[in-house]
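Only one structure is covered here, and it is reproduced in the block below.
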Amino acid sequence: MKQTLLPTSTAGSLPKPSWLAEPETLWSAWKLQDEELKSGKQDALRLALQEQQHCGIDIVSDGEQSRQHFVTTFIEHLNGVDFIHRKTVRIRDRYDASVPTVVGPVSRQKPVFVDDAKFLRKQTKQPIKWALPGPMTMIDTLYDDYYKSREQLAWEFAIILNQEAKELEAAGVNIIQFDEPAFNVFFDEVNDWGIKCLERAIEGLKCETAVHICYGYGIKANTEWKKTLGSEWRQYEAIFPKLQQSNIDIISLECHNSRVPIELLGLLRGKKVMVGAIDVATDTIETPEEVAATLREALQYVDADKLYPCTNCGMAPLSRKVATGKLNALAAGAAIVRSELQGKN
Ligand SMILES: [Zn+2]
């Protein structure tokens with residue numbers, strides 16, 4: 001991977017074009033079908049890539065153009081999960097949702113995202129990051145009527161994710177990221193077995209690995225929940241010490257406009273950190289100087305060669321115009337701090 005100082009990337013999703021899916025919503029239904037849908041997703045992926053390139057993003061992704069939801073689309077491809085008989089469960093202790101039921105041993109029928117990753121790899125020589133759901137977040141999005149053990153089901157998912165990750169690596173993906181918003185909620189389980197499951201998911205990989213731990217998309221359930229967390233968000237404090245000891249290379253976090261005390265980043269010393277310098281819960285576009293200010297703060301606790309400017313979370317629910325503005329601000333803000341750091345040498 002080429003070594004740019006402060007390489008920029010996004011946490012994952014970008015808005016979809018309005019001809020592909022209903023804009024500015026999560027879970028939006030596809031507007032195309034069959035072969036048209038297949039080529040429509042590829043066209044959207046090309047556009048998402050071009051958008052990132054025009055804005056000057058260094059580590060690019062598919063913008064999650066081919067998936068409806070960051071967890072469910074993966075689970076839909078697995079055996080052992082019944083999508084017809086649904087149950088209502090509480091997601092991340094925050095909101096109720098109707099979810100599929102685990103009814104038998106879970107296994108992967110066939111690769112889920114590998115063809116999409118190969119397609120993206122053909123379009124660019126830039127480093128590619130690919131997002132997968134994390135095992136703990138997957139189990140939190142299901143009703144388990146078979147294993148009846150959160151830990152065991154998470155372990156089974158970790159084995160499946162490892163199969164997928166190895167094929168993504170072979171397809172030329174440079175960084176495989178696991179999305180674990182559940183890490184911000186179930187601290188005891190994270191420390192007991194959550195990180196262990198994540199390490200099972202990355203077993204044997206030679207590419208870089210990341211875990212994205214956020215306070216969620218900028219949707220109402222999450223912004224309401226954030227209001228209950230008090231003036232200082234110290235959730236990260238409970239899990240960073242163990243993550244710092246883990247085999248995961250990169251930790252992706254929410255920082256800008258967040259009540260996370262920035263000094264908590266010091267608990268990750270030695271790890272690479274994707275610092276969220278773009279707020280995804282507002283349409284207000286950051287100025288490059290605001291982005292630079294967040295990065296400078298993070299630099300007090302993260303070595304410059306380990307700091308990766310990023311967004312707080314995915315941008316799927318934003319308008320394309322706002323998302324593009326935020327990508328431009330991210331690249332411009334990183335450029336300011338990059339030239340400051342290079343000026344010092
Ligand atoms: Zn996120």
Side-chain angles (χ1 to χ4, degrees), residues 1-4 6-21 23-24 28 30-32 35-70 73-74 111-132 164-165 167-177 179 207-208 210 212 250 252 274 276-278 280 285 308-335:
M1 223 165 93
K2 74 170 183 187
Q3 287 300 326
T4 313
L6 306 185
T8 52
S9 65
T10 74
S13 67
L14 292 171
K16 293 190 181 80
S18 58
W19 47 258
L20 179 63
E24 296 178 48
S28 59
W30 301 114
K31 289 188 180 172
L32 306 173
E35 275 307 304
E36 277 190 342
L37 177 60
K38 203 177 156 208
S39 63
K41 286 176 178 175
Q42 292 193 335
D43 290 343
L45 190 153
R46 282 192 186 97
L47 289 172
L49 171 65
Q50 196 191 46
E51 197 84 335
Q52 294 169 79
Q53 292 172 327
H54 280 176
C55 295
I57 299 300
D58 301 300
I59 302 166
V60 293
S61 77
D62 67 330
E64 302 185 11
Q65 297 297 302
S66 63
R67 59 188 102 174
Q68 242 180 334
H69 186 269
F70 80 104
T73 298
F74 189 81
V112 181
F113 295 126
V114 178
D115 284 345
D116 294 336
K118 284 181 184 164
F119 182 79
L120 176 61
R121 182 72 287 169
K122 272 195 208 139
Q123 319 292 321
T124 178
K125 294 197 161 46
Q126 283 178 256
I128 291 176
K129 177 158 75 80
W130 201 274
L132 292 173
E164 179 80 6
E167 290 179 37
L168 288 171
E169 177 187 77
V173 171
N174 306 87
I175 302 175
I176 297 176
Q177 170 180 306
D179 294 335
C207 67
E208 293 211 283
H212 169 66
I250 307 169
S252 162
M274 286 179 167
I278 295 289
V280 300
I285 295 166
Y308 289 51
C310 194
T311 58
N312 276 353
C313 191
M315 298 205 280
L318 299 176
S319 75
R320 291 177 81 185
K321 196 170 165 225
V322 169
T324 303
K326 284 175 180 274
L327 289 182
N328 275 318
L330 179 65

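- Closest heavy-atom contact between Ala171 and Arg121: O-CG, 3.4 Å.
- In this structure, NE2 in His69 is found 10.0 Å from CD in Glu64, a value given to the nearest 0.5 Å.
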List the steps and the verdict of side chain to side chain donor-acceptor pair (under 3.5 Å) for Asp58 and Thr4. CA-CA 8 Å; Asp58 301 300; Thr4 313; 4.6 Å; no
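- In this structure, Glu169 contributes its side chain and Cys207 its backbone to a donor-acceptor pair below 3.5 Å.
- Using a 4.5 Å heavy-atom threshold, the side chains of Ser61 and Gln52 count as touching.
- Side-chain contact between Lys38 and Asp115 is absent, with no heavy-atom pair separated by less than 4.5 Å.
- From Leu120, atom CG reaches atom CD1 of Ile128 across 4.0 Å, with rounding to the nearest 0.5 Å.
- Side-chain atoms of Gln123 do not come within 3.5 Å of backbone N or O of Gln50 as any donor-acceptor pair.
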Stepwise side-chain contact (heavy atoms from CB on, under 4.5 Å) test for Ile59 and Asn174: CA-CA 9 Å; Ile59 302 166; Asn174 306 87; over 6 Å; no
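- Closest heavy-atom contact between Ser18 and Lys31: O-NZ, 2.7 Å.
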Please determine whether side-chain contact (heavy atoms from CB on, under 4.5 Å) holds for the pair Leu132 and Glu164, giving the CA-CA distance in whole Å, both sets of side-chain angles, and the decisive distance to 0.1 Å. CA-CA 9 Å; Leu132 292 173; Glu164 179 80 6; 4.0 Å; yes
Quick one: do Lys326 and Cys55 satisfy side-chain contact (heavy atoms from CB on, under 4.5 Å)? Show the steps, please. CA-CA 9 Å; Lys326 284 175 180 274; Cys55 295; over 6 Å; no
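- Side-chain contact between Glu36 and Trp30 is absent, with no heavy atoms from C-beta onward closer than 4.5 Å.
- Between His212 and Lys129, the closest side-chain pair of non-hydrogen atoms is not below 4.5 Å.
- Without hydrogens or angle criteria, Lys41 side chain to Leu20 main chain gives no donor-acceptor distance under 3.5 Å.
- Between the OG1 atom in Thr124 and the CD atom in Gln53 there is a gap of 5.0 Å [rounded to 0.5 Å].
- Taking all atoms of both residues into account, the shortest heavy-atom contact from Val112 to Phe74 is CG2-CE1, 3.7 Å.
- Heavy-atom minimum distance, Ile278 versus Ala329: CD1-CB, 4.4 Å.
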Might you work through the side-chain contact (heavy atoms from CB on, under 4.5 Å) test for Leu49 and Asp62, ending with a clear yes or no? CA-CA 6 Å; Leu49 171 65; Asp62 67 330; over 6 Å; no
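- Nearest heavy atom pair, residue Met315 against residue Val280, reads CG-CG1, 3.8 Å.
- Between the side chain of Gln68 and the backbone N or O of Ser28, at least one donor-acceptor pair lies under 3.5 Å.
- Closest non-hydrogen pair, Ala277 versus Leu330, comes out as CB-CD1, 4.4 Å.
- Counting only distance, with no hydrogens or angles, the side chain of Gln177 and the backbone of Ile250 share no donor-acceptor pair below 3.5 Å.
- The cationic atom of Arg67 (NZ for Lys, CZ for Arg) lies less than 6.0 Å from the six-membered ring centre of Phe113 and within 45° of the ring axis.
- A donor-acceptor contact shorter than 3.5 Å is absent between the side chain of Thr311 and the backbone of Thr10.
- Rounding to the nearest 0.5 Å gives a distance of 12.0 Å between CG of Leu47 and CD of Gln42.
- With contacts defined as side-chain heavy-atom distances shorter than 4.5 Å, the pair Pro15/Glu24 does not qualify.
- In this structure, CD in Glu167 is found 10.5 Å from CD1 in Ile176, a value given to the nearest 0.5 Å.
- In this structure, CD on Glu208 lies 4.5 Å from OH on Tyr308, to the nearest 0.5 angstrom.
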